[in-house]
2 protein chains.
Amino acid sequence: MNSRRRITINLLAEKAGVSKTAVSFAFNNPSRISKTTRERILRIADEYGYVPDPVARTLATRKVGSIGFLIPQSIPVAFKNPFLSQVLQGIGSVCQKEGFSLTVVPPLKGCILKGIRSAAVDGFVTFGLETHLKIVELIRQRNIPLVVVDGKRSRNIPSVNTDDLGGAEKIMEYVLSRGHRRIVILSLKSASKVDQENFSRVRDLRLKGYENALESFGLKIDGRNVKVINCECSMAGGRKAAEKIFPLKKLPTAVVAMSDIIAIGVFAYCREHGIEIPKDISLAGFDNIPEASLISPALTTVSQSAFEKGLKAGEILIDLLHGRKTDNFVEFNTDIIIRDSVAVNRP
Amino acid sequence: MNSRRRITINLLAEKAGVSKTAVSFAFNNPSRISKTTRERILRIADEYGYVPDPVARTLATRKVGSIGFLIPQSIPVAFKNPFLSQVLQGIGSVCQKEGFSLTVVPPLKGCILKGIRSAAVDGFVTFGLETHLKIVELIRQRNIPLVVVDGKRSRNIPSVNTDDLGGAEKIMEYVLSRGHRRIVILSLKSASKVDQENFSRVRDLRLKGYENALESFGLKIDGRNVKVINCECSMAGGRKAAEKIFPLKKLPTAVVAMSDIIAIGVFAYCREHGIEIPKDISLAGFDNIPEASLISPALTTVSQSAFEKGLKAGEILIDLLHGRKTDNFVEFNTDIIIRDSVAVNRP
DNA sequence: TTGTAAGCGTTATCAA
DNA sequence: TTGATAACGCTTACAA
């Protein structure tokens, strides 16, 4: 790289024959300096290629200008799910408004705490992370604010969630109301040991929602008529689940996935193997990612406001940063989105 | 917020009855301190909740631990295109390997230069940005490395690109070989004034590729049989283009989009309006995003290695950071992916 | 309007 | 093995 020494404020002050203060004012506080000296300083700064160091500035001002987005898996794994991208877009719209950048912080060398320790950010939004004590404690120690998306609710930490239980109930009720009684539930498996705790709130609530609906139809998860398969939350995960499902002697009539991207994995498998949805098997998802409405048949699913969740989380974080009062708990409602992937089942 | 004062190394050193140096060693350089004092220091650190400040550490070490991903539009706009997410995944896999986080840097308050100036990163990967002098110069002044993805080739700046010209040639040749002679090209429009320069390399090359193919069939962009419509690079952009296309008295027989996400916007419009692809109109894209194979009919398009581009760019940046010799120019080949969205046109 | 000097919280050098 | 002390590069009272 360019090995010549970087120009610092000291050097520039010297070259311009002024003090560091003057240089600093020229850049950040024009009103406190005369127009002529300011212009001269800027001209010389330009000439020498001086640009204030953001890290040094951050240390002095205690403001970074970046929101930390803490994710439970590596970036390539986590971003396999378009749902994440939608949440990120929501946070991103806050960034745009506030003039912030967005630092995606994955587990560093497999360790979430390392990521937290070393990220230069003004605050964290965690996503799909069970905020066990260690994480919360460490962020608290860093003395920066924290907002939890899709994590466990806790008294002192603002959280933004979805009514996962209600959403799961609705979709399972719908599937059952269409006459399905042999069902495979595609649940969420953690992708690695790193995030063994992840998804557990979301997974548990959705499972509970499914169970509630099943119960109201006199059914339960018995491993025979209604069984659960754990999947990695990606298309590949859905494909693998399909590979387990279709060799089954007694096929289910419906597959209910906890995530659209998993359902779409199943969809892809079916298309490749000439299995027709919903004629041969019905399929339902969760999340309502944009892709859900793109496939044919369009996927019946549960909408949860991914973008809005990110947006709200970002707004709360900004409030916290400004020391403003803000929401401590937000829960978004779900809607069942009935499309074409669930057929009526005639026994 | 937690208003109690943050614990600093000074305070901790005092509490532990040692020097700052000892504390620093306890955290970063265990071998240079006795085991007993180290343990004592760590215990006291734990007790007081001390955690080293990453910003201060960065200032002293000159290492941030984050790759800057410079994008031409706001986060919510840029991430509307799944293609971007794929590039990000590629960079992300380098982050995972190196233990870095990834800072997405959009134009701050509409100004890319502001984003560059204030981002705390070790280096930048720019995406889809025409690196006009100002940008390059500023990054050079910050004295951190830069890798350009999908930007103009330049002698001193490593760049990672796709053979856009060749790809465009291939797909247009294919469309023409299927008998299409009335064609609408969906080109890339900049989303805002901010990025008026963006896409221009990609756009110009792809257009040139299309033109080459047209020329070999004795055709040219004449605004009548072959015309160009500029679109925002999103589904909405594709939809808007469709709204302009279908009222046309003489419909084209094929639509060739410079981006899959635009093509998918057209696809969505067609589905909503009962227009059948490829029976009523043929459709081709560019990028081969995952969604392209999900829709029905599956989209005929050009694959460009989005993930690999991000990966390569990240690797080059790391090389640069380590002062290693590295590639200065990488160009990925394209493949035409023939699926089902382009029909034979019988005149 | 401009300058002096004290932070900001680390790491790194060099001596003890 | 440990400790002073000087960077790191900037902002910001306070003084002039």
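We use all heavy atoms of the structure for the numbers below, so side chains are in, but hydrogens, waters and symmetry mates are not. Proteins get letters first, then strands, A, B, ... in listed order; numbering begins at 1 in each.
Using a 4.0 Å heavy-atom distance criterion, B:Thr36 is classed as making no nucleic acid contact. Residue contacts shown for A:Val18 are limited to sugar-phosphate atoms, with no base heavy atom under 4.0 Å away. When heavy atoms are screened at a 4.0 angstrom cut-off, B:Ile33 is found touching the sugar-phosphate backbone but no base atom. When heavy atoms are screened at a 4.0 angstrom cut-off, A:Tyr50 is found touching the sugar-phosphate backbone but no base atom.
One can place CG of B:Asn29 at 15 Å from C1' of D:dG3, the figure rounded to the nearest angstrom. The distance between atom CG of A:Asn10 and atom C1' of C:dA5, rounded to the nearest whole Å, is 13 Å. Summarising the geometry, the separation between CD1 on B:Ile41 and P on C:dT11 is reported as 12 Å, rounded to the nearest angstrom. D:dT11 atom C1' lies 13 Å from atom CG of A:Asp53, rounded to whole Å. The separation between A:Lys35 atom NZ and C:dT2 atom P is 14 Å, rounded to whole Å. Distance NZ (B:Lys63) to C1' (C:dA12): 13 Å, rounded to an integer number of Å. Atom CZ in A:Arg32 sits roughly 11 Å away from atom P in C:dT2 (whole-Å rounding). With rounding to whole Å, B:Phe25 atom CZ is found 10 Å from C:dT11 atom P.
In this structure, of C:dG9, C:dC14, D:dG9, it is C:dG9 that holds the atom nearest to the side chain of B:Ile9. Relative to the side chain of A:Ala56, the nucleotides D:dT12, D:dG3, D:dC10 differ in distance, and D:dC10 lies closest.
The closest donor-acceptor contact from the side chain of B:Lys97 to the backbone of B:Ser93 lies at 3.5 Å or more, if one exists at all.
A salt bridge is absent between B:Asp122 and B:Arg62; no separation between the charged side-chain nitrogens and carboxylate oxygens falls under 4.0 Å. A salt bridge is defined here as a Lys NZ or Arg NE, NH1 or NH2 lying under 4.0 Å from an Asp or Glu carboxylate O, and A:Asp327 with A:Lys312 meets this definition.
Take the nearest nucleotide of DNA chain D for B:Leu59 and for B:Ala22: the residue whose nucleotide is more 5' is B:Ala22. Nearest-nucleotide positions on DNA chain D for A:Val23 and B:Thr37 put B:Thr37 closer to the 5' end.
Proximity of B:Thr61 to the phosphate of D:dC8: no side-chain N or O atom is located under 4.0 Å from OP1 or OP2. At least one side-chain nitrogen or oxygen of A:Ser24 sits closer than 4.0 Å to the OP1 or OP2 atom of D:dT11. OP1 or OP2 of D:dT11 has at least one side-chain nitrogen or oxygen of A:Asn28 nearer than 4.0 Å. Taking only side-chain nitrogens and oxygens, A:Arg57 comes nearer than 4.0 Å to OP1 or OP2 of D:dT11. Regarding contacts with the backbone of C:dT10, every side-chain N or O of B:Arg62 stays at 4.0 angstrom or more from both OP1 and OP2. Within the structure, a side-chain polar atom (N or O) of A:Arg6 is placed less than 4.0 Å from OP1 or OP2 of D:dG9. Side-chain N/O atoms of A:Thr8 include none lying less than 4.0 angstrom from OP1 or OP2 on D:dC8. Contact check, A:Ser34 against C:dT1: no side-chain N or O comes under 4.0 Å of OP1 or OP2.
Two rings, from B:Tyr50 and B:Phe27, have their centers less than 6.0 Å apart.
For B:Thr58 and C:dT10, a side-chain-to-base donor-acceptor distance below 3.5 Å is absent, hydrogens and geometry of angles not being considered. Side-chain atoms of A:Lys20 stay outside donor-acceptor range of the base of C:dT4, with no qualifying N/O pair under 3.5 Å.
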Next item on the list: Please assess B:Asp150 against B:Lys309 for the test salt bridge (charged side-chain N to carboxylate O under 4.0 Å, His left out), listing each intermediate value before the final yes or no.
Entry: CA-CA 9 Å; B:Asp150 282 354; B:Lys309 275 161 79 174; 2.6 Å; yes

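In this structure, B:Arg38 forms no cation-pi arrangement with B:Phe25, as its terminal cationic atom is not both closer than 6.0 Å to the ring centre and no more than 45° off the ring axis.
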